[in-house]
Chemist: 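I have a structure I would like to understand better, so I am pasting it below and will then ask my questions one at a time.
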Amino acid sequence: SLPLAPLLEEAILCYAQNGEPLRPEQGYPLCLLLPGWEGNTCIKWLRRLKFGTAPFMTREETSQYTDLMPDGTARQFTMVMEAKSVITLPSGGQRIQPGFIDIRGLAWSGRGRITHVEVSTDGGQSWQQAALQDPILSTCHTRFRFPWRWNGEDVILQSRCVAETGYVQPGRTALAAVRGVNSVYHYNAIQSWKIAADGQVSNVHA
């Protein structure tokens, strides 16, 4: 179930990509694309559109794409992506060597442009601004880079972004205080990567 007004303003019915018809795994014959909205709203294999006066309360949108809040109520119809960033180099499963590291990553928001990204190399105790790479467009991935020299000690890398609305990507504790610990589908908290002394990178909660 999707509200009509944003559909009329932003929705794209995709029938081709890169000069050829959509492939089955990409949603042939039609895919509904909503820039800035979560992936579950971008419907593949679209055959028809049905208009109604209220949400249809289908199985998936009532049992799957909801968040159970701390007070027992359910948060429904979460559609627009909140601001989020993630460091992609280095990241989980990779191994690095001491020396210069060109930290790289992606940031995005469904509510407009990314205005800046900060990187922490000490688990969030201090933050330094990363450089954004053009193009910086609304509701699109924005690349960022940060030069860093690793001395071979255990560290935790993090990134956080700010959208043009002023929204700041929250930490895990701050997000849990608002949504509880069951907000799985719409989790946009700061991602932490631990670099061990042997250079192995792994996912941690910090």
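What you see below is based on every heavy atom in this structure, not just the backbone, and it leaves out hydrogens, waters and symmetry mates. Fair warning: this is a prediction, and the values are worked out from it, not measured in the lab.
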Chemist: Do I43 and C31 have side-chain heavy atoms sitting under 4.5 Å apart?
Modeler: no
Chemist: For the pair R95 and D198, find out whether any cationic side-chain nitrogen is under 4.0 Å from an anionic carboxylate oxygen.
Modeler: yes
Chemist: Is the shortest heavy-atom distance from the side chain of H186 to the side chain of E38 under 4.5 Å?
Modeler: yes
Chemist: Pair L89, Q94 - check side chain to side chain contact (heavy atoms under 4.5 Å, CB included), show working.
Modeler: CA-CA 8 Å; L89 179 69; Q94 298 175 354; 3.4 Å; yes
Chemist: Do side-chain atoms of S120 reach the backbone of Q158 as a donor and acceptor pair under 3.5 angstrom?
Modeler: no
Chemist: Mind checking whether L4 and F51 have side chains closer than 4.5 Å, heavy atoms only?
Modeler: yes
Chemist: Let me check something: do W148 and V119 share a hydrophobic cluster, defined by ILVMFWY side-chain heavy atoms less than 4.5 Å apart, either directly or through other members?
Modeler: yes
Chemist: How far apart are the C-alpha atoms of K194 and D154, what are their side-chain angles, what is the distance that settles it, and do they pass the side chain to side chain contact (heavy atoms under 4.5 Å, CB included) test?
Modeler: CA-CA 7 Å; K194 179 180 180 180; D154 285 7; 4.1 Å; yes
Chemist: If we only count heavy atoms from C-beta on, is the I101 to F146 side-chain gap below 4.5 Å?
Modeler: no
Chemist: For F77, does the CZ atom sit with more than 12 other heavy atoms under 6.0 Å from it, leaving out its own atoms?
Modeler: yes
Chemist: Say whether, by atom type as modelled, one donor and one acceptor occur between the side chain of E164 and the main chain of R113 under 3.5 angstrom.
Modeler: yes
Chemist: Just so I know, are the side chains of K84 and R160 near enough to count as touching, which here means a heavy-atom distance under 4.5 Å?
Modeler: no
Chemist: If you count heavy atoms of other groups shown closer than 6.0 angstrom to CD of E25, is the number above 12?
Modeler: yes
Chemist: Could you tell me whether the side chain of T142 reaches within less than 4.5 Å of the side chain of L106, counting heavy atoms only?
Modeler: no
Chemist: Any side-chain heavy atom of W193 within less than 4.5 Å of one from N203?
Modeler: yes
Chemist: Would the distance check show the side chain of Q169 and the main-chain N or O of S85 forming a donor-acceptor pair, the cut-off being under 3.5 Å?
Modeler: yes
Chemist: Are L22 and Y15 side-chain neighbours, meaning at least one heavy-atom pair lies under 4.5 Å?
Modeler: no
Chemist: Using the rule that Ile, Leu, Val, Met, Phe, Trp and Tyr join whenever any side-chain heavy atoms are under 4.5 Å apart, tell me whether I114 and V80 fall into a single cluster.
Modeler: no
Chemist: Does CZ belonging to R75 count more than 12 external heavy atoms closer than 6.0 Å?
Modeler: yes
Chemist: Does any N or O in the side chain of R179 come within less than 3.5 Å of the main-chain N or O of P70, such that one atom is a donor and the other an acceptor?
Modeler: no
Chemist: Between T62 and T58 (side chain of the first, backbone of the second, donor and acceptor by atom type, cut-off under 3.5 Å), is there such a pair?
Modeler: yes
Chemist: As an exercise, state the distance from CZ of F144 to CD of E118, rounded to the nearest 0.5 Å.
Modeler: 11.0 Å
Chemist: Tell me yes or no: between the side chains of D67 and Y187, is some donor less than 3.5 Å from an acceptor?
Modeler: no
Chemist: Quick check for you: to the nearest 0.5 Å, what is the distance between E153 atom CD and D122 atom CG?
Modeler: 12.0 Å
Chemist: To the closest 0.5 Å, what do you measure between OG1 (T73) and CG (L68)?
Modeler: 7.5 Å
Chemist: Under a 3.5 Å cutoff, is there a donor and acceptor pairing between the side chains of E61 and S1?
Modeler: yes
Chemist: Do H116 and Q129 have side-chain atoms, one donor and one acceptor, less than 3.5 Å apart?
Modeler: no
Chemist: Give a yes or no on whether a salt bridge exists between E82 and R111, defined as a side-chain N under 4.0 angstrom from a carboxylate O.
Modeler: yes
Chemist: Are there over 12 heavy-atom neighbours, none belonging to Y28, within less than 6.0 Å of that residue's OH?
Modeler: no
